[in-house]
Structure formats: C-alpha cells, structure tokens
Q: 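Take this structure, written in structure tokens, and hold onto it; I'll ask about it next.
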Amino acid sequence: MSTEAYIAWVRMGLFRSLLVLVAIAAIAGSAGPARADAGFDQWVRSFWPTARAAGISADTYNRAFAGLTPDASVIEKANYQPEFTKSVADYLNAAVSEKRIAKGREMLQRHSGILDAIEAKTGVSRHVVVSIWGMESYYGAVLDNPKIVKSTIRSLATLAYKGGRRAKFGRQQLIAALKILQAGDVTPQAMVGSWAGAMGHTQFIPTTYLAYAVDFDGDGKRDIWGSIPDALGSTANYLRVSKWTPGKTWGYEVTLPPGFNYALADDTARPIGDWAAMGVKRTFGRQFPRPADRATLLLPAGASGPAFLMLPNFKSILRYNNANSYAIAVGHLADRLAGGGPFAQGFPDEPPLNAAAKQELQRLLSRSGFDTGGVDGRIGPRTRAAIRAYQTRSGLPADGHANLALLQHLRRGG
Ligand code: CA
C-alpha cells in the first residue's frame, strides 16, 4: 500500500468511526419512535388473551407486534381538542376545490373502464365513487405522504394502549386489523392509513373493511392499499349495501318562498311534488325530474344558509361518514365532476359552536323553560325542538339552528 493510499484508508476509517458515533448519538438522543417502552410491551402481552379469544393465531400476533413501539404522535392527535373549528363554508371550499375537481375529472378518464364495471355491478354512480375517493385520500395521494400515512397496527395499538377515550375503539379495531392480516390480504408493512385507523384509498376502518371491502380485480385479495379496482369497488359496495338507489342523485339545492315554515325541515320525507306545491323551487330555474320521489328538507346552516331537498341516497353517503357537511361535500363534488356548477347560495361564514358553547346553549335554554333533555353538548332533536320553541317565542325564524347569534340572544336573557 502506498503512503497516499494508506492516508486515504486511515481517513476513510476515521470517517466511518465518526458516522458510527453520529448514529449512536442519534439513537440515544431520539425521544420518539425507536425508544423501548416497557409499559407498552407489557400491554402487548396483556392483550394477547383477548386477541386469541377472537381467533388470532400466535403467529399473526407475533408478526404484527414484532419490534413495535407506541407512536407518540398518535397520542398527541388523540388528545387534541381544537378550541376553534373550521366553518362549514371554509370546509366546503377546501373539500370541493378547483384542484380536487380537476384531479377528479382526470381520474374519471383514467379509470373509466374500472368505473364502467363498477357501475354495471353495483349501480352506484361513478361520480360519487370518485368524489368519495377524492374526499377520503385525495385520490390516493395521501398514501404517498409520509407526514400523514402511518402503520395501522401501530396506530391502533397506541390508541388501545394510551388513547384515553379512544382506547376502546383502538382495541376493537386492532382485533379487526389482526383478522385482516391473518387472512393474508396485506402485510403489516403495507397496512397503512391515518393516525385514527382509517386505511388505504377508501379510508375504511378495519371493521368496515371486514364487512364491505371487495376483491374487485379478482386476484384473491381485498387490497384497498394497492389496487384501485379493489378500492373503488369497495367504496361502491359500501354504498350499495347502504341502500344506494341506482340512477338517482343525492339531493337538490332549492329556494324557499317568503314566510316558509322552517319547522318542516325536520327529517320528514314528503313527495317532491308536495314540496313544490309549498313553493319550494330548484335553483337556477331547473325542474325536479321525478316529482314522485320522496325527499326531506335540510337547512344545514339554518334560515340564513342554503336549503336542500335530500333524496335517500344522501343517507347512504352519511353511512360513510355521519356528518351533513361531509355528505354535502361528497354530493356537490360528484355534481361538479359530472360538469355541474357551484351552489347558488353560499354557506354563511360562521364558526361552529364548540362543545362548551353547545352546553352553555343547552343550559340557558333549559333555564328559560325550554327543555333540551339534558346538557350533553350535542344538538339533537330535543335541543333543536327547544331552540325552535325559543325562537318562536322570541319572534325569530324558527329554524332550530344553533349558532353564536342564538347563544348571544340567550345570554342577553332573550
Ligand atoms: Ca384484489
């Protein structure tokens, strides 16, 4: 070895030693994922009898938990309680953005063959299937985002171990996730999704996967992570089982005549012809295609926001995610993908009430003699009825809508 070569070799050796030292320091100093957690290991052992009783084999269990540590970011997210949440207007603008519409139209083209087959087999509209795909995972793009995508087993085990009010959910979903692994549909490494256990392109939680996922491409695996036919077929199957009516839409934006009785927006289905006879009209002068269809009237933001007549398919979308704003976003995005335009009436830019404000509202209503059936921070039918009675007595439009203006009215003592 020449002198120069020797010097180079020594330098390389020093460099390697330095790298090893840096690596050791990094491992010793990391506060997060790689740190062993004796409490978690103990929890994993204590959960085994529950898993075994549910039919999980020791092999599946050991494979799922090999080298697993809790994920601190999951606990952080599980305990996060936002003081302020987005207004429905902001939510819809973000959900049904020009970018999501353009990307969705591109997906309709690219996957038209798969969507033809899905429509033929399930009767569910391609626009709604693609809309849900766009809402749930941005057409699968979130699965490539390392900041969002997490190991499902690790997330659920963390929730089961230290998820507070989400611990029970974590345990139930973890058992279902272990069953999915055991069936061989996916490896533990490929089983990924959100911190809260929603998985793959469709964001199915494991129990939903077990009940509704399908092997649409026929390769013997229900792969909502790697197969777009399986993912979109599973979404359509979920809607079909949730009583989707083929050939019909989700709902119509409407306008109400002056002096309309808002108490009719109470989840009672009536023939659209009856609504029309009361002066309810479709926006932009459009006609209702089937006056005999039954629909409910929904005022998601009260008297000052848009109004909709909802067909039964709206309820099918709610089965996917039980929030009116979500289902309206899915339906509207589907309409936009099909070439439709924006709503005629915008949503008022009002922030939703947080849990404490809803409880205060219920306390003040009860104190004024309008029984809300308890103070649980949830605006259910009893609370809406109490709000309507209060609004009627106060000469306000009786839309049953809980917002800040109503709370302030109550605080002023009516
Ligand atoms: Ca498959």
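All residue numbers refer to positions in the sequence shown, counting from 1. Both counts, for ligands and for their atoms, begin at 1 and track the order of listing. All of these numbers come straight from a predicted model, not from anything done at the bench.
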Q: Does Asp267 come within less than 4.0 Å of Lys315, counting only side-chain N to carboxylate O?
A: yes
Q: Hey, which N, O or S atom on Asp217 ends up closest to the Ca ion (ligand 1)?
A: OD1
Q: Please determine whether the number of non-hydrogen atoms from other residues, nucleotides or ligands lying under 6.0 Å from atom CZ of Arg286 exceeds 12.
A: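 Atom CZ in Arg286 is packed in, count exceeds 12.
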Q: Quick check for you: with the Ca ion (ligand 1) as the vertex, what angle do OD1 of Asp219 and OD1 of Asp215 span, to 10°?
A: 90°
Q: Please determine if the Ca ion (ligand 1) has an N/O/S atom from Lys221 lying under 3.0 Å away.
A: yes
Q: What atom name does the N, O or S atom of Asp230 nearest to the Ca ion (ligand 1) carry?
A: OD2
Q: Please determine whether side-chain contact (heavy atoms from CB on, under 4.5 Å) holds for the pair His111 and Tyr139, giving the CA-CA distance in whole Å, both sets of side-chain angles, and the decisive distance to 0.1 Å.
A: CA-CA 11 Å; His111 302 290; Tyr139 313 104; over 6 Å; no
Q: Counting heavy atoms not belonging to Glu76, are there more than 12 under 6.0 Å from its CD?
A: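 No, the 6.0 Å shell around CD holds no more than 12 heavy atoms from other groups.
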